[in-house]
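Read through the structure below, which is laid out as structure tokens, and then see the notes.
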Number of protein chains: 2
Amino acid sequence: MHTLTTPPPPAFDVLSPQCPSRTVLRHVTDRWTPLIVSALEEGPLRFGRLRERVGGITPKVLTETLRSLERDGLVLRTVGPTSPPRVDYELTELGATLAGPIQTLRSWAQEHAEAVLSARDRYDAE
Amino acid sequence: MHTLTTPPPPAFDVLSPQCPSRTVLRHVTDRWTPLIVSALEEGPLRFGRLRERVGGITPKVLTETLRSLERDGLVLRTVGPTSPPRVDYELTELGATLAGPIQTLRSWAQEHAEAVLSARDRYDAE
DNA sequence: TTCCTCGGTTACGTTGAGGTATCTGGTATC
DNA sequence: GATACCAGATACCTCAACGTAACCGAGGAA
């Protein structure tokens, strides 16, 4: 009796230039995505709160980035019928699986920022 | 008898716009850095091999990115006195600590690429 | 009636990361 | 002498992401 074997996974590899996973990687590492995902990790936020949390982002860019995250199924946008309008943003299930890896990278940056900066100083001193 | 307490760490936070850790995060998430770090994770590579491994990168951009990684103490460049020239690139100790987080993100992208793409298809279909 | 808030939109300008194409220096090989 | 190899360097250009500033509509409050 032979077992039913699952077909081999399509072998995504970001190192191959045409692999779709590369564009996915690029999207989740663009300028604001890690910061937004990071901010949403602790729960839903309204547009205004999110804007305050992610320091320095303009409303235009925040809207654009949120729309692309919504498009890729990482963020859910919920509009309340109130006035003034209330719009909540939260991570989807898929988005939540991204939060871990993002946090890992965020922690690395925060923990090694000094090491990187001092390496840069040493390099520039020569 | 009181114990000597270490001073509290400077509280780097990528969500604050002026925090140096944000530029560090941005650097390690730029277009080619994750791919290069990924390629170097298994050991040193020569310029040409690295170029083959990271599909699609041009020599100019590879040189630029490697120099900035060297500057930040993440990559070590070793020139052999041979001819034709032989140049090896490898991760430093600091660079090696980055490889893990990068791999996590790379795996996420590869494992969830299909989910993202199909979410995008669904979104665009509406 | 005027003002305020929220969550944007729109038009426009900028810039810097990245791409293209061509060139280089030194050595060994044909 | 010509050619090939390696690891880039250089000049130039492009474009998409990002920033700036102003504006908007619905509704509730003063």
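Keep in mind that this is a model prediction, so the values were computed, not measured. Throughout, protein chains are lettered first and strands after them, A, B, ... in sequence-line order, and every chain is numbered starting at 1.
Residue contacts shown for R46(A) are limited to sugar-phosphate atoms, with no base heavy atom under 4.0 Å away. Contact annotation for R51(A): no contact, since no heavy-atom pair falls under 4.0 Å across all strands. When heavy atoms are screened at a 4.0 angstrom cut-off, R77(B) is found touching the sugar-phosphate backbone but no base atom.
For I57(A) and dG8(C), the CD1 to C1' distance is 13 Å, given to the nearest whole Å. Atom CZ of R86(B) and atom P of dT27(C) are 18 Å apart (whole Å). The distance between atom NE2 of H27(B) and atom C1' of dG18(C), rounded to the nearest whole Å, is 14 Å. Distance CG (L45(A)) to C1' (dC6(C)): 15 Å, rounded to an integer number of Å. Rounded to whole Å, atom P of dG8(D) lies 8 Å from atom CG of L62(B). With rounding to whole Å, W32(A) atom CH2 is found 8 Å from dC18(D) atom P. To the nearest angstrom, C1' of dG18(C) lies 13 Å from CD1 of I36(B). For the pair L35(B) CG and dG18(C) C1', the computed distance is 14 Å after rounding to whole Å.
In summary, E52(A) and R49(A) engage in a salt bridge, as defined by a charged side-chain N under 4.0 Å from a carboxylate O. Between D88(B) and R77(B) there is no salt bridge, since none of the side-chain N atoms of the basic residue sits less than 4.0 Å from a carboxylate O of the acidic one. A salt bridge links D72(B) to R120(A): at least one charged side-chain nitrogen sits closer than 4.0 Å to a carboxylate oxygen. We find that R106(A) and D13(B) are joined by a salt bridge, their nearest charged nitrogen and carboxylate oxygen being less than 4.0 Å apart.
Checking the phosphate oxygens (OP1, OP2) of dA17(D), no side-chain nitrogen or oxygen of R31(B) falls inside 4.0 Å.
The two residues T92(A) and L76(A) have their closest heavy-atom pair at CG2-N, 3.8 Å.
Judged by distance alone, with hydrogens and angles left aside, K60(A) brings a side-chain donor or acceptor within reach of the base of dG19(D), the pair sitting under 3.5 Å.
Of the candidates dG18(C), dG25(C), dG7(C), dG18(C) carries the atom nearest the D30(B) side chain, counting heavy atoms from C-beta on. Closest contact between the side chain of T63(A) and the listed nucleotides dT5(C), dA7(D), dG8(C) involves dG8(C). Distances from the side chain of V61(B) to the nucleotides dT27(C), dG18(C), dC6(C) place dG18(C) closest.
Mapping G56(A) and F47(B) onto DNA chain D by nearest heavy atom places F47(B) closer to the 5' end of the strand. Annotation: of the two residues near DNA chain C, R26(A) and P59(A), the 5′-most nearest-nucleotide partner is P59(A). Across the interface with DNA chain D, nearest-nucleotide mapping of T58(A) and R67(B) shows R67(B) to be the residue nearer the 5′ end. Mapped onto DNA chain C by nearest heavy atom, E64(B) and R49(A) fall at different nucleotides, with R49(A) at the one closer to the 5' end.
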